[in-house]
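When a ligand or atom number is given, it counts from 1 through the structure's own listing order. We're numbering straight along the sequence, starting at 1.
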Amino acid sequence: MKPLLKWVGGKSQLLTAITERIPKEFGRYHEPFLGGGALYFHLESAGASIADFNPRLIDFYKHLRDFPDELFTEIANVKSQFDLSTFEEQAAKFYELRNEFNNDRQPSMRSAALFLFLNKAGFNGLFRENREGNFNVPFGQKKSLSIPELPQFIETANLLQTAEITSGSYESVFERANEGDFVYFDPPYVPLEGSPSFTSYLSSGFGPEQQKQLAQMFCDLAKRGVFVMASNSYTKTVRELYSDFNVQIVNARRNINSIGSKRGAVEEALITSY
Ligand SMILES: C[S@@+](CC[C@H](N)C(=O)[O-])C[C@H]1O[C@@H](n2cnc3c(N)ncnc32)[C@H](O)[C@@H]1O
């Protein structure tokens with residue numbers, strides 16, 4: 001199935017390259033940097049463990065899991081009002097709902113619907129927060145919100161009902177993954193050499209020390225007999241961090257750079273322990 005969310009660094013472009021390289025057979029599937037979950041929803045692996053550091057993303061998935069019909073009704077109402085408005089009204093509505101989302105951080109149906117709204121109406125499906133932890137992505141200037149139909153909400157919820165969903169850092173996968181399981185790591189990437197860095201998915205960021213610790217965990221899981229795969233940028237740092245493993249180049253199309261000439265095909269690394 002297709003993911004409901006549009007997510008920066010989403011793996012839809014790489015699904016063929018990734019699926020060609022997943023183990024033929026494995027126990028449980030784990031994806032601890034879930035984001036939009038392109039691979040998870042593609043594999044539709046029942047009983048998986050999925051996690052992300054972003055609590056608002058995880059609250060969204062939990063509401064989707066438990067109340068797909070209600071969430072659909074809530075977002076459909078927002079969509080019908082939004083689509084019928086003039087452009088000026090839409091921009092004003094976007095900033096009004098963004099404020100509401102930032103002012104009420106308690107998990108609720110409303111904030112799950114607002115999360116989805118901001119993902120669809122914000123610039124490029126980006127999720128970015130300022131130092132105060134306020135979501136600060138600008139209006140994406142879309143005239144109509146592209147919201148999937150109810151059956152996709154239900155189908156996604158049915159899969160999520162079989163999953164263990166956790167909010168928090170990726171390290172907890174270490175307690176969960178057993179021999180024969182398959183772990184896919186899709187962290188914020190090591191920035192390309194010479195490019196303005198784009199690592200800060202959340203106000204906390206994911207720097208060189210975290211990349212090193214992640215590579216160490218990759219190695220420790222591999223020693224345990226877990227099949228491990230990771231995506232990252234095809235950079236010297238990544239080649240060095242994973243020099244004991246299989247590092248292959250795959251081509252992706254990326255769209256996160258605001259400079260038009262820098263959009264297009266990018267070489268990425270796909271690393272496997274097997
Ligand atoms: C490259 S995106 C994953 C994209 C995803 N594979 C997809 O298809 O949409 C990286 C994700 O890692 C999350 N993240 C950042 N630091 C993390 C950490 N320490 N532990 C777990 N997740 C983290 C971010 O919130 C973001 O959703």
Side-chain angles (χ1 to χ4, degrees), residues 1-19 21-22 29-45 48-61 64 115-116 118-120 122 124-129 133 135 137 156 159-160 163-177 182-192 197-218 221 228-235 238 250 252-256 266 268-271:
M1 72 182 73
K2 286 209 171 123
L4 272 180
L5 300 172
K6 179 179 162 70
W7 208 250
V8 168
K11 283 289 148 327
S12 302
Q13 301 288 338
L14 285 177
L15 279 182
T16 311
I18 293 176
T19 44
R21 291 166 175 83
I22 62 174
Y29 178 65
H30 307 262
E31 188 170 341
F33 295 93
L34 185 67
L39 184 58
Y40 169 62
F41 291 114
H42 175 75
L43 293 177
E44 298 183 18
S45 195
S49 89
I50 51 178
D52 199 283
F53 205 43
N54 182 338
R56 307 215 64 178
L57 172 73
I58 293 299
D59 287 341
F60 164 77
Y61 283 127
L64 175 59
F115 182 92
L116 184 56
L118 295 171
N119 178 259
K120 299 297 180 182
N124 262 352
L126 206 59
F127 190 96
R128 190 187 58 203
E129 292 174 332
F135 178 85
V137 172
T156 309
L159 178 64
L160 290 172
E164 182 184 1
I165 310 178
T166 320
S167 171
S169 196
Y170 73 91
E171 288 95 336
S172 65
V173 76
F174 199 71
E175 286 123 53
R176 283 191 278 267
F182 174 39
V183 174
Y184 174 53
F185 287 126
D186 186 19
Y189 282 11
V190 170
L192 291 178
S197 68
F198 186 85
T199 48
S200 191
Y201 281 80
L202 287 180
S203 33
S204 50
F206 198 86
E209 198 45 43
Q210 284 91 337
Q211 294 287 354
K212 227 167 104 184
Q213 284 165 5
L214 174 62
Q216 184 59 48
M217 177 163 305
F218 185 106
L221 286 168
V228 199
M229 178 188 269
S231 302
N232 214 315
S233 53
Y234 191 71
T235 48
V238 169
V250 288
R253 289 190 68 77
R254 286 280 169 241
N255 204 12
I256 53 168
V266 184
E268 297 195 9
L270 207 54
I271 306 129

Exercise: identify the closest heavy-atom pair between Lys120 and Leu4: NZ-O, 2.6 Å
Part of Phe53 within contact of ligand 1 (heavy atoms, under 4.0 Å): both
Shortest non-hydrogen contact from Val190 to Thr235? CG1-OG1, 3.9 Å
So if I count the atoms of ligand 1 from 1 in the order they appear, which ones are less than 4.0 Å from some heavy atom of Phe206? 16 (N), 19 (N)
Within the 4.0 Å heavy-atom shell around Gly37, which atoms of ligand 1 are there? 7 (C), 8 (O), 9 (O)
What pairs of residues pass the salt bridge (charged side-chain N to carboxylate O under 4.0 Å, His left out) test when at least one of them lies in residues 163-174, not counting sequence neighbours? Arg28-Glu164, Glu164-Arg176
Out of curiosity, is Gly168 lining ligand 1, as in a heavy atom under 4.0 Å away? yes
Under a 4.0 angstrom heavy-atom cut-off, which atoms of ligand 1 come close to Gly35? 9 (O), 27 (O)
List every atom of ligand 1 that sits less than 4.0 Å from any heavy atom of Pro32, numbering the atoms from 1 in the order shown and giving each element. 21 (C), 22 (N)
With sequence neighbours excluded, what pairs up with Tyr40 under the side-chain hydrogen bond (donor to acceptor under 3.5 Å, both in side chains) test? none
Side chain, backbone, both or neither: which applies to Leu39 and ligand 1 if a contact is any heavy-atom pair less than 4.0 Å apart? neither
Pro187 heavy atoms within 4.0 Å reach ligand 1 at atoms 1 (C)
Short N/O distance, under 3.5 Å, between Leu57 and ligand 1? no
Under 3.5 Å between some N or O of ligand 1 and some N or O of Tyr170? yes
Among Ile50, Leu221, Val228, Val183, exactly one meets side-chain contact (heavy atoms from CB on, under 4.5 Å) together with His30. Which residue is that? Val183
Less than 4.5 Å apart, side chain to side chain, heavy atoms only: is that true for Asn119 and Trp7? yes
Parallel, tilted or perpendicular: which one describes the rings of Phe33 and Phe206, with boundaries at 30° and 60°? perpendicular
If you measure from atom 8 (O) of ligand 1 to every heavy atom of Arg56, Glu171, Lys11, Glu31, which option wins on shortest distance? Lys11
Is there a side-chain contact between Leu64 and Leu160 in this structure, where contact means two heavy atoms from C-beta onward sitting under 4.5 Å apart? yes
Report the relative orientation of the aromatic rings in Phe41 and Tyr61; use parallel for angles under 30°, tilted for 30 to 60°, perpendicular for over 60°. tilted
Report yes if Val8 has an N/O atom closer than 3.5 Å to an N/O atom of ligand 1; otherwise report no. no
Which of the numbered atoms in ligand 1 are below 4.0 angstrom from a heavy atom of Ala38? 7 (C), 8 (O)
For ligand 1, is Gln210 a contact, meaning one of its heavy atoms is under 4.0 Å away? no
Report the member of Ile58, Asn54, Asp52 with the shortest heavy-atom distance to atom 24 (C) of ligand 1. Asp52
Can you confirm whether Val250 sits close enough to Arg21 that some side-chain heavy atom of one is under 4.5 Å from a side-chain heavy atom of the other? yes
